[in-house]
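Chain identifiers are assigned alphabetically (A, B, ...) following the order of the sequence lines, protein sequences preceding nucleic acid strands; residue numbering begins at 1 within each chain.
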Protein chains: 2
Amino acid sequence: MTQAPRKSPPRVTLEDVARRAQTSTITVSRALRRPGMVSEKLRERIAKAVTELGYVPDPAASALASRRSNVIGVLIPSVTNSVFAEVLSGLYDTIAGKPFNAQLGNTRYAPETEDELIRVFLSQRPAGLVVTGIDQSPVSRALLAAADCPVVQIMELGETPTDMMVGFSHRDAARTATDHLIERGYKFPAFIGARMDPRSERRLQGFRDAIAAADIAEGDRVVTTPTPSSVTLGETLLAELLAQAPETDAILCNNDDLALGVQFAAHRRGIAIGPELGLCGFNDIEVMEAAHPSITSVRTFRREMGRLAIDMLMARIEGKDVDENVRDLGYALMPRDSTMRE
Amino acid sequence: MTQAPRKSPPRVTLEDVARRAQTSTITVSRALRRPGMVSEKLRERIAKAVTELGYVPDPAASALASRRSNVIGVLIPSVTNSVFAEVLSGLYDTIAGKPFNAQLGNTRYAPETEDELIRVFLSQRPAGLVVTGIDQSPVSRALLAAADCPVVQIMELGETPTDMMVGFSHRDAARTATDHLIERGYKFPAFIGARMDPRSERRLQGFRDAIAAADIAEGDRVVTTPTPSSVTLGETLLAELLAQAPETDAILCNNDDLALGVQFAAHRRGIAIGPELGLCGFNDIEVMEAAHPSITSVRTFRREMGRLAIDMLMARIEGKDVDENVRDLGYALMPRDSTMRE
DNA sequence: TTGTACGCGTTATCAC
DNA sequence: GTGATAACGCGTACAA
């Protein structure tokens, strides 16, 4: 890196601390990392010297010598999507206070970017890696398989974990939601989806599972787009859907933003959400409950995913044998007014 | 760090590359960092060797030797707040492809956490630092002042930048919004605010500036809470407000979440947003435009803040003299249906 | 339990 | 333009 034009105070090193505590650097190093290996007396002297001198370990030197950094790499496809933001929140809360640093990588849904980011992270000899989803490219897959650190795949579940997994079945969740629509008496359920990433595709699968099981024809009641999701897009997709499939009497959205947009648009069109048009979102972000009418959604446990991902990494880093390599967090249907027919 | 139980491939080093290119390590290092200093021929041989061997630099070794890491520390008070998420988005987009890594720190609105995180970041000899707001604790202030890297404060403006700043005046923005309510003919404007952080306090100031200038008494029309903001909270605060100040005919919310909650709650109560109750949010997140009725808000330029923060850091890191140490991004009132009286 | 010697992979410094 | 040498600050391996 190029230099920056500011001051440069001399650094306090292990050696300074050792001199002050009248011992050797390696003992100080041990006292800091594994206090149990150092005698009580020495430990105290060292602790005193550390605070007096204001010693702060140099992570670069540590990483170089130990061939292992304190970085936990986290790859997510979008920073703005509130779903991932909540995963991050749980993740950061859990990592706080621990001697590790989360380093965020934004893949922007691009496999090449993901490959590259994984390379960058691995060059740091990370303590652990968290990656989103189970659809890594062959390149990424190979890199992760060869990684000499624990890896957690989050958000979904799959047959062949690279290492560990924590998530839930998007397909089952969407099927449950669709079953709910059918049970509530809607005859022509539709599916609209934005940003059709692998998880959304599996939700669509779940939708199809459900209507097939109920002997309902799909007709033209599936509208999807690769465009990133937004509330506004909900209105657009609703218009498309009603144009091509006017019989539609219920909609499963691949996420809550769309559902909110559909609701606003329905109000504009004078369509009564619930009685005339059933509406179900996905993820159950906070606004679903607060909306008027409140909107049915499938709750997913996003903060828990972040928390568990770190817990699993920590367990492995500490050498514990994790018996459950794959954790299914499930989901919960939250029926609300938007799927009440009267 | 403790070891992790996985494989451990031998690392390709500068020396390997140098041997293959029949030159010295330092020349390879130079060829990679300042190609201009190495002859064309050698540069090609080296490039070839690098790709053939799949050499990836070790950031830890680099940081140790150069006393400068490629880390850009970013401190924000909340990961889930979509406002900061968008700042991050601009920031990550801008940093992508550059030889720097953003490292995120979540202060959770706690000054002690911020102090601690700044210490942690500084121990990494970061290439630059991005911190939120201008209300750092004395400790943080001192740490930042002594930091030997460029620092950008984002989100607001202030008289005494630690180093650089990019933001806007929350006070002016809120005043503009309140003026708008008054101009539209609302006689009893109110303010509701959640999570009253320093920026929200300044918005409240702006609100008070405006009503004072219009000779309007504040009455009991200010309701605030330290509780984190949410859509649901908008409903709660509306109830409180109307209970203690029934004359209220317009509301400035300290953010868009609250505004949305107020709108839903108003629908429930049969209050017509616009004609009966003026409503204005803050930040102008996407849903404001899509809502029905659409909600007036003050647009702020969050992605731009993230982008500019990195741009300013880069300029300084590259040794350019940044003439504008403080950048005012302004704001834009977006009048919509929620402040239409008829 | 404590210490010695060395190496981690890179860059700064100074010579050629 | 290129190279030898010596750090950078810490942890591993081994010895005491």
Side-chain angles (χ1 to χ4, degrees), chain A residues 1-4 8-46 50 53-70 99 122-125 127 148, chain B residues 1-4 8-46 49-50 53-71 99 122-125 127 148:
Chain A
M1 304 304 98
T2 327
Q3 60 170 8
S8 163
R11 187 171 188 112
V12 178
T13 72
L14 268 190
E15 202 173 336
D16 300 328
V17 178
R19 206 172 4 246
R20 180 143 194 154
Q22 302 177 64
T23 176
S24 66
T25 61
I26 184 62
T27 304
V28 177
S29 170
R30 280 199 276 252
L32 264 30
R33 288 176 302 133
R34 302 189 197 152
M37 292 182 66
V38 175
S39 71
E40 177 87 26
K41 273 190 63 177
L42 248 181
R43 221 187 305 157
E44 280 174 13
R45 284 221 309 277
I46 291 173
V50 164
L53 264 42
Y55 169 74
V56 182
D58 184 330
S62 168
L64 187 55
S66 68
R67 298 138 162 280
R68 173 74 49 219
S69 78
N70 68 347
L122 287 180
S123 80
Q124 303 189 51
R125 309 169 182 285
D148 91 340
Chain B
M1 303 303 97
T2 328
Q3 60 171 5
S8 161
R11 186 170 190 116
V12 178
T13 73
L14 268 190
E15 201 173 337
D16 299 329
V17 178
R19 205 173 5 246
R20 179 140 193 156
Q22 303 177 64
T23 175
S24 67
T25 61
I26 183 64
T27 303
V28 176
S29 172
R30 280 199 276 253
L32 263 30
R33 286 176 304 134
R34 301 189 199 154
M37 290 182 66
V38 175
S39 71
E40 178 86 27
K41 273 190 62 176
L42 247 181
R43 220 186 309 155
E44 281 175 13
R45 284 221 309 277
I46 291 173
V50 165
L53 263 41
Y55 168 76
V56 182
D58 184 330
S62 170
L64 186 57
S66 68
R67 297 139 161 280
R68 175 71 51 218
S69 79
N70 68 348
V71 168
L122 288 180
S123 80
Q124 302 191 50
R125 309 170 182 284
D148 94 345

Within less than 4.0 Å of OP1 or OP2 of [N], is there a side-chain N or O belonging to [X]?
{"X": "A:Arg33", "N": "D:dG11", "result": "yes"}
{"X": "B:Ser66", "N": "C:dT11", "result": "no"}
{"X": "A:Thr27", "N": "C:dG3", "result": "yes"}
{"X": "B:Ser62", "N": "C:dT10", "result": "no"}
{"X": "B:Thr25", "N": "C:dT10", "result": "no"}

Any donor-acceptor pair under 3.5 Å from [X] side chain to [Y] backbone:
{"X": "A:Arg43", "Y": "A:Ala31", "value": "no"}
{"X": "A:Ser66", "Y": "A:Ser62", "value": "yes"}
{"X": "B:Ser69", "Y": "B:Gln124", "value": "yes"}

**Asked** Is there a side-chain contact between A:Val50 and A:Leu32 (heavy atoms, below 4.5 Å)?
**Response**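 A:Val50 reaches A:Leu32 side chain to side chain.
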**Closest to side chain of A:Leu64, choosing from D:dG9, D:dG3, D:dC10** =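 Comparing D:dG9, D:dG3, D:dC10 against the side chain of A:Leu64, the answer is D:dG9.
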**Prompt:** What's the closest nucleotide to the A:Ser39 side chain, out of C:dT1, C:dT4, D:dA4?
**Reply:**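 The answer is C:dT1.
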Atom [atom1] of [X] to atom [atom2] of [N]: distance rounded to whole Å?
{"X": "A:Gln124", "N": "C:dT10", "atom1": "CD", "atom2": "P", "value": "14 Å"}
{"X": "B:Arg67", "N": "D:dA6", "atom1": "CZ", "atom2": "P", "value": "17 Å"}
{"X": "B:Ile26", "N": "C:dC14", "atom1": "CD1", "atom2": "C1'", "value": "11 Å"}
{"X": "B:Glu15", "N": "D:dA6", "atom1": "CD", "atom2": "C1'", "value": "15 Å"}
{"X": "B:Leu42", "N": "D:dG1", "atom1": "CG", "atom2": "P", "value": "11 Å"}
{"X": "B:Arg68", "N": "D:dG9", "atom1": "CZ", "atom2": "C1'", "value": "16 Å"}

**Message:** Whether the side chain of B:Arg30 and the base of D:dG3 hold a donor-acceptor pair under 3.5 Å is what I'd like checked.
**Reply:**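 Counting by modelled atom types and ignoring angles, a donor-acceptor contact under 3.5 Å is found here.
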**Request:** Take A:Ser29 and B:Glu40, find for each the nucleotide of DNA chain D with the closest heavy atom, and name the residue whose nucleotide sits nearer the 5' end.
**Result:**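 Nearest-nucleotide comparison on DNA chain D picks B:Glu40.
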**Message:** Heavy atoms only, 4.0 Å cut-off, all strands: where does A:Leu14 land among base, sugar-phosphate and nothing?
**Reply:**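 Sugar-phosphate only.
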**Asked** A:Ser123 and B:Arg11: side chain to side chain contact (heavy atoms under 4.5 Å, CB included), yes or no, with the steps?
**Response** CA-CA 9 Å; A:Ser123 80; B:Arg11 186 170 190 116; 4.1 Å; yes
